[in-house]
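In each ligand, atom 1 is the first atom listed, and ligand 1 is the first ligand listed.
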Amino acid sequence: MPRKLFRFLDWTLTPDREPDAPPIQHLYRCLGEDEDGKPCGAEGPVHEDFATAQKWPFEHIKEQQEHRSYAHVAVVPWLAVPKEEPS
Ligand SMILES: [Zn+2]
């Protein structure tokens with residue numbers, strides 16, 4: 001198997017704000033526990049629109065009124081950018 005030669009480069013991570021970047025996605029996950037102490041873990045649907053994603057906890061709490069703690073999970077595209085392009 002041929003070996004590849006890698007140069008050591010300085011890399012930085014930056015949020016991908018390019019026009020063709022994938023959209024940011026949001027969902028909410030229930031952090032409540034069932035009566036036996038088991039984590040609920042229910043998740044709402046993934047939405048690109050933050051306000052739409054925020055509707056799910058209100059749907060979930062109709063069924064589980066003790067589940068009042070939630071995590072907002074966001075998928076945010078980032079880019080790894082070299083200080084200079086490898087030659
Ligand atoms: Zn729940």
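Lys83 places none of its side-chain heavy atoms less than 4.5 Å from the side chain of Trp11.
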Requested in this report: Start with the C-alpha gap between Arg68 and Leu31, add the side-chain angles, then the distance that decides, and say whether side chain to side chain contact (heavy atoms under 4.5 Å, CB included) holds.
Outcome: CA-CA 8 Å; Arg68 299 178 184 188; Leu31 299 179; over 6 Å; no
| task | In sequence, state the C-alpha distance, the side-chain angles, and the governing distance for Glu33 and Ser69, and then conclude on side chain to side chain contact (heavy atoms under 4.5 Å, CB included). | result | CA-CA 9 Å; Glu33 295 179 347; Ser69 184; over 6 Å; no
Pairs under 3.5 angstrom only: tabulate donor-acceptor contacts from the side chains of residues 72-81 to other protein residues two or more places apart or in another chain.
unit_1	atom_1	unit_2	atom_2	d
His72	NE2	His26	ND1	2.9

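Atoms of the protein (N, O or S only) found under 2.8 Å from the Zn ion (ligand 1) are Cys30 SG, Cys40 SG, His60 NE2, His67 ND1.
Partners of Glu43 by side-chain hydrogen bond (donor to acceptor under 3.5 Å, both in side chains), not counting sequence neighbours, listed by chain and number: Arg29. Listed by chain and number, the residues in a side-chain contact (heavy atoms from CB on, under 4.5 Å) with Thr52 are His47, Asp49 (sequence neighbours excluded).
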